[in-house]
Amino acid sequence: MSETKPRKNYDPTVLEGRWQERWAESGLYETDEDTSKPKHYALTMLPYPSGDLHVGHWYAMTPSDTRARFMRMNGYRVFFPIGFDAFGLPAENAAINRGIHPYKWTMSNIENMRGQLRQMGAMFDLSAEVVTCTPEYYRWNQWFFLKFFEKGLAYRKEAPVDWCPKDQTTLAREQVVGPDRRCERCGTPVIKKNLPQWLFKITDYADELLDFSKIEWPERVETLQRNWIGRSEGAEIEFEVEGYGPIGVFTTRPDTLFGATFFVTSPEHPAVEEITTPEREDEVRAYVEKAARMSEIDRTDVTREKTGVFTGAYAINPANGEKIPVYAADYVLMGYGTGAIMAVPGQDERDWEFAEKYDLPIIRTVQPPEDFEGKAYTGEGPAINSGFLDGLGVDEAKERMIGHLEEEGTGRRAVTYRLHDWLISRQRYWGTPIPIIYCPEHGAVPVPEGDLPVRLPEDAEFMPTGESPLKLDPDFYNTECPICGGPATRETDTMDTFMDSSWYQYRYLSPHYDEGPFDPARGEKWLPVDQYTGGIEHAVLHLLYTRFFTKVMRDLGLVDFDEPMRRLFNQGIILGPDGNRMSKSRGNVVNPQEFVDLYGSDALRLFLMFVGPWNEGGPWDSQGIGGVSRFLRRALSLVTGDEASSAQADPAELPRRTNRLVKKVTGDLGTFRFNTSIAALMEHTNYLLGVKGAVAGEEWREALRTFVTVLAPLAPHHAEEMWAELGEVGSVHEQAWPGYDEALIVEEEITLVVQVNGKVRDRVTVPAGISEEDAREQALASERVRPHVEGKQVRKAVYVPGRLVNLVVG
RNA sequence: GGGGGCGUAGCCCAACGGCAGAGGCAGAGGACUUAAAAUCCUCACAGUGUGGGUUCGAAUCCCACCGCCCCUACCA
C-alpha cells in the first residue's frame, strides 16, 4: 500500500505548484463578497518593484497572509490585495545607468515579481492589483491634487532644494554624497537653491493628527508621530530692529523675556542682508555662504561648537527697552518658528553656550535652587530680574507676559509645529505630472478635470542633460491655457511618490473604476482598512500622510470616517545570518528563491514566522529552515501511511491535546504570535505520531481534520494536500475555524508543587479539583517536606489553586 | 543629548508573579544502510547580563549599572 515514513519523493515545489494551479483555477482566493459576513480588510504595505521579492518581502507578507487566512476561516469576508509602488528614483537610475526606459524596467520587474508572488501561495486577490505608475492610477493622484488645490490645500512656494550647478539639476537627498556634499554623478559640490515648489497644507490638520483616539496603533508609532508633529505652545514676540523694522521670534518661554540679552537669526533669514552694517558685511556674507554649504547633518550636530557672526545691528527688547546685539548663527534653523530667536542664556543651554563663547551678558530670570550647579537653568522657580513678573512661577509668569505683550501689541500667544507642509514637487521624470498649466495671462491654472490624466510622455529624453526632462519634450511642455486658449506651458515637476501610497488602499477596491478614485459602493462594503501591517520605518511619513489624506477625503465627502487604518502591527526586520541588517556591501543577503526551490514556500514562510516574535525580527538561519521542512514532512506523514511510528504516547490524551492545540493556536494567531503557534503544532505533530495506529477510525480522522484545519493558515499548501489525502472534499481554506471545549482541556490530575519558604521541596500528584485544605494537608504529609518543617512553626501556607502550596516556616 | 526595544542552554527562542523548557537548530548515542545521505528513536546541556528593592515566592514588577540594536536629534 502507501508508503510509511515521509515519502521518498517528497517534492514540496511540485506539491505546492499543483495546489497553486488548482487554487487559481477554482478562484479560491477571489474576494468573498457575502455581506452577511462581517468584513475584514487586511493590508500589507505594497512593495517597490525592485525586480525580485527579497526575504524582507516574505517576512512582511507571509505572516500577514497567515493572519488574513485565519480571519477568513473565522467567518469574515476578507479583502487582501497587493500592488506595486511603481514610481520612484531607482527606475530612473536604472534607466540612466543601463539605458533601459523606466517604464520598461519597472514593468518587467513587476512581471517577474508577479510570478514570485504567485509562488508565495498567498491568498492575495490578484484581480485587485494596483500599479501606481499607470495612467489609470496616477490620473487620480492628479485628481486629488486638483481637489486639494480647490480647497486651498495645495499651494506654491519657494523652497530650497539641493542643486548641482554643473548638471543643472536638483538632487534627491541620497544623491548628495560625502561629508562635503558632492553630486553623486559628477562630484561637483552641491548648493542649496530656492525653486518654486508645490506643497500640501498638512499643517492645517496638525492638531487633528495628534488625536489617536480612533485608532489602535502601537504606542511607539503614536509617539513618533506626536514628536514629528512637535506641537509647542508659547508666544510670538516682535523685536524692533533698528533701521529695519520688527522681526518676530517664537518662544516657549515668554516668561524669560527680561533675560533676552541678544538676538539671533538663522543665516538664511531674509533680514540678514539688510540689517548687516557695512563694516560687518564681508564677515557676515562669508559666514552665510559657509552655512549654506554645510549639510543638514553637520548643521544639526549637537556636539559641534556653536558659531555665529555679529551683524552690527541691534534689536530692542520689548520688555525693558534694552538694546541687544543681533547675531546670525547656524544653530538657529530657518525651518522652525520664525527663523529667529530671542536668546536667553540664563534659561537656555544653547544660548548659554553661545553667550559664553562670544562674551555676551547673562541674566538669570528664574531663581535656580540653592544647590544648582549647572549653567543655564531650565527648571521651575520664581521669576527674578523680571520687573512685574518677579516672584511668579514659570506658568503664571508666561501667562502674565503674554497678556502684557498682547496689550502692548508687541506679541501674542502662538502655537508652532515642527511639522512642515508636505513638499510634493520633485524635479524628476518618473512620477505623476502635476496638473498645472502656466499661462502668461492667468498664472498657474489647474488642468480641467476632464483633461485628466496628464500623461507622462513615454518617449521623453530622461537622460541627464541639465534640464528638467519634461521641459525638453515640446509636445508635453507646450500647451494652451485652459482659460484663454493662449500659448502656455505645463508644470514639469512630478509628484512625490508618497502621494501614491497615501490612498492606494482605496484604489484597490476598484482599480479600474473611472468615475472617481474608488467606487463608493465598494467603499461602503470594505472601508476602512481593519488591519494594516508594515515596517516601523514608515511611522512618520507614509503613515502620517495617509492619515492626512483620509481626513481631507472625509472633508471632501468621499469617506465618512476619520482614520484610514483601524489597527496597525509593525513587524521587525529579518537580519542576515550574521545578525546584521542584510546589505549587499556586507554580503549577507539571503535570496529567498534558493530556499523556495529547495524547501518550498510553506517551509520558508513557516521558518520566517518561527524565528521569533514577528515584531522583533531575527537572524536568518539556513539550517533552521531544515527544521520546519522536517516538520512539514512529518505532518504530511500523518495522513500518508498507516504504519505506527515507534514513538509511544498516550492515546487517551488525544481529545485534551487537540482541544488544547486549538485554544493555543486560536489565541496566538489572534495576537500575531506565529512562533508559538508553530511550536504548538510541532509538539502536537510529535504527539500524533506517537499515537498513530493506536487511535482508531473516526476519532483519528476527526483529530487529523482539526489539526489540518488549524495548520492551514500557516502552511496553506501542505494543509491542503493533507486535506485531500484525508479524502475530504473542497478546500481546507474554506473550512470554519474549529472551536474548543475548555472542559476537555482541564486535566484530571495535576502536579502540585510543594515549596517551603519559596523553595521547591516536593511534587505530588493530586486530583485537579483539590480543595485548599486538602492541598495543605497533602503538602504537610510529604516525606520530603517534613525535614524542612519539623520543629518549626508553619506561619503561613500560600495556596495557588492547581499549582502549588508554599509553606512559610520560621 | 532624548525616546524605545532586547539580554534565558553553543544558537534562535518558550515560560497569567508560582516546577526555568514548549518548539526548533546545532551536538552525542542508537536503529535502518554495503556505506553515506535522508529518515526514525533516545539523550545531554542553562538558573535567566550585573547589583539592589518589593513579595510567602521574581526570568517576569520597581531602581541603578553594563552590553547590543533601533528611532530621533541645536525645534527656541
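Numbered from 1 within each chain, the chains take letters A, B, ... in sequence-line order.
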Phosphate contact ([N] OP1 or OP2) by [X] side-chain N/O below 4.0 Å:
| X | N | value |
| --- | --- | --- |
| A:Arg581 | B:C71 | yes |
| A:Arg350 | B:G1 | no |
| A:Arg630 | B:C25 | yes |
| A:Asn686 | B:G24 | yes |
| A:Thr676 | B:G23 | no |

Counting any heavy atom closer than 4.0 Å, what does [X] reach on the DNA or RNA strands: base, sugar-phosphate only, or nothing?
| X | result |
| --- | --- |
| A:Gln755 | base |
| A:Val808 | sugar-phosphate |
| A:Asn675 | sugar-phosphate |
| A:Asn615 | nothing |
| A:Val798 | base |
| A:Val760 | sugar-phosphate |
| A:Leu224 | sugar-phosphate |

For [X] and [Y], does a side-chain donor sit closer than 3.5 Å to a side-chain acceptor?
| X | Y | result |
| --- | --- | --- |
| A:Asp351 | A:Tyr331 | yes |
| A:Asp207 | A:Tyr417 | yes |
| A:Ser266 | A:Glu268 | yes |

- Query: What pairs meet the salt bridge (Lys or Arg N to Asp or Glu O under 4.0 Å) rule with one or both residues in residues 597-626 of chain A, with sequence neighbours excluded?
  - Reply: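 Of all non-adjacent pairs touching residues 597-626 of chain A, those that pass salt bridge (Lys or Arg N to Asp or Glu O under 4.0 Å) are A:Asp65-A:Arg605.
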Gap in Å between the two [atom1] atoms, one belonging to [N] and one to [M], rounded:
| N | M | atom1 | answer |
| --- | --- | --- | --- |
| B:A59 | B:A73 | C1' | 34 Å |
| B:U39 | B:A22 | P | 24 Å |
| B:C41 | B:C32 | C1' | 11 Å |
| B:G2 | B:U55 | C1' | 34 Å |
| B:G23 | B:C45 | P | 16 Å |
| B:G10 | B:G57 | P | 30 Å |
| B:C19 | B:G1 | P | 40 Å |
| B:C68 | B:U8 | P | 15 Å |

- Message: Ring centres under 6.0 Å, that's the criterion: do A:Phe212 and A:Trp217 meet it?
- Response: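 Between A:Trp217 and A:Phe212, which both carry aromatic rings, the centre distance is not below 6.0 Å.
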- Task: Mind telling me if B:G7 is syn or anti? Syn here is a glycosidic angle within 90° of 0.
- Result: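 Glycosidic conformation of B:G7: anti.
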- Query: Among the nucleotides B:C71, B:C74, B:C56, which one has an atom lying closest to any side-chain atom of A:Asp330?
  - Reply: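 My answer, after comparing the listed nucleotides, is B:C74.
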Atom-to-atom span, [atom1] of [X] to [atom2] of [N] - whole angstrom:
| X | N | atom1 | atom2 | value |
| --- | --- | --- | --- | --- |
| A:Leu598 | B:A38 | CG | P | 12 Å |
| A:Phe262 | B:A76 | CZ | C1' | 12 Å |
| A:Lys398 | B:A76 | NZ | P | 10 Å |
| A:Arg660 | B:A15 | CZ | P | 14 Å |

- Task: May I ask you to list the residues of residues 621-628 of chain A, by number, that have any heavy atom positioned under 4.0 Å from an atom of RNA chain B?
- Result: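 Only A:Asp621, A:Gln623, A:Gly627 qualify.
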- Would you please test A:Arg660 and A:Glu653 for salt bridge (Lys or Arg N to Asp or Glu O under 4.0 Å) and show each step? CA-CA 10 Å; A:Arg660 199 177 65 179; A:Glu653 283 202 358; over 6 Å; no
- Is the backbone of A:Ala383 close enough, under 3.5 Å, to the side chain of A:Ser386 for a donor and an acceptor to pair up by distance?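 Between the backbone of A:Ala383 and the side chain of A:Ser386 there is no qualifying donor-acceptor contact (under 3.5 Å).
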- Message: Any strand counts, and the cut-off is 3.5 Å on both contacts for Watson-Crick or G-U wobble. Which nucleotide pairs with B:C40?
- Response: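 Its partner is B:G30 (Watson-Crick or G-U wobble, both distances under 3.5 Å).
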